[in-house]
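Here the structure is laid out as structure tokens; the discussion comes afterwards.
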Amino acid sequence: MNRTLILAILVAIIGAGLYFYSNGSSVTDAAGDMKDSVSQAVGDATDTATGAVEQAAGAASDAVSGAADTATAAMDGAFLSPEGYDAVKVAEMIDASPLDEARKSSLKTALMAAGDDPALLSDILGQVKEALGM
């Protein structure tokens, strides 16, 4: 009986080996298909990442360009004259300055109080220029 059991096990092992050997090409094909799928996924991910980097670089470039334009206009004094006054831009300049918070707050409050009155606005903008060293 032991011989019969051993013989059955050997036949099963040989049969399984022949089965896997004869189907080995389909396993290889499946592995090749999987490799192609992974390669495609990696390519798609690379394309997506490249696009995201290009968009981020473009946005950063636009932001730097906008900041440079604002700084150039500020250096020219366009925002700091009653004619070219832009409350938002002047407030941004004040916020970006190295002035202490109390001085920043008082300048912005004075600008709000001046409103659209050209005489008051001219005086306050002069104080802003002086505070910013312009």
Side-chain angles (χ1 to χ4, degrees):
M1 185 134 138
N2 279 339
R3 248 189 267 165
T4 307
L5 182 62
I6 291 173
L7 188 57
I9 292 173
L10 283 174
V11 169
I13 291 173
I14 292 172
L18 287 173
Y19 174 77
F20 285 116
Y21 179 74
S22 66
N23 289 327
S25 64
S26 65
V27 171
T28 304
D29 292 342
D33 292 344
M34 187 182 300
K35 176 186 166 207
D36 293 341
S37 296
V38 169
S39 295
Q40 181 65 35
V42 168
D44 292 346
T46 301
D47 292 343
T48 301
T50 301
V53 167
E54 289 172 353
Q55 286 179 343
S61 176
D62 292 345
V64 168
S65 176
D69 292 344
T70 301
T72 300
M75 293 305 286
D76 292 341
F79 298 140
L80 298 175
S81 68
E83 299 81 29
Y85 175 66
D86 183 342
V88 173
K89 300 290 184 185
V90 174
E92 287 175 357
M93 288 173 45
I94 292 170
D95 287 336
S97 73
L99 298 172
D100 62 84
E101 291 303 315
R103 183 72 173 140
K104 290 178 184 181
S105 179
S106 68
L107 287 172
K108 289 192 291 185
T109 302
L111 284 170
M112 287 175 32
D116 291 331
D117 183 358
L120 288 175
L121 191 57
S122 180
D123 289 340
I124 302 300
L125 289 173
Q127 292 176 17
V128 171
K129 285 181 186 178
E130 183 180 321
L132 297 177
M134 300 177 119

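All values derive from a computational prediction rather than experimental measurement.
- Side-chain atoms of S106 come within 3.5 Å of backbone atoms of R103 as a donor-acceptor pair (strictly under, hydrogens ignored).
- Between D86 atom CG and M93 atom CE the span is 10.5 Å, to the nearest 0.5 Å.
- By the side chain to side chain donor-acceptor pair (under 3.5 Å) test, D95 pairs with K108, sequence neighbours left out.
- Put simply, CD1 on I14 and CD1 on I9 are 12.0 Å apart, with the number rounded to the nearest 0.5 Å.
- I124 places none of its side-chain heavy atoms less than 4.5 Å from the side chain of L107.
- Note that the OG atom of S97 and the CD atom of E92 stand 12.5 Å from one another [nearest 0.5 Å].
- Atom NZ of residue K104 and atom CG of residue L99 lie 6.5 Å apart, to the nearest 0.5 angstrom.
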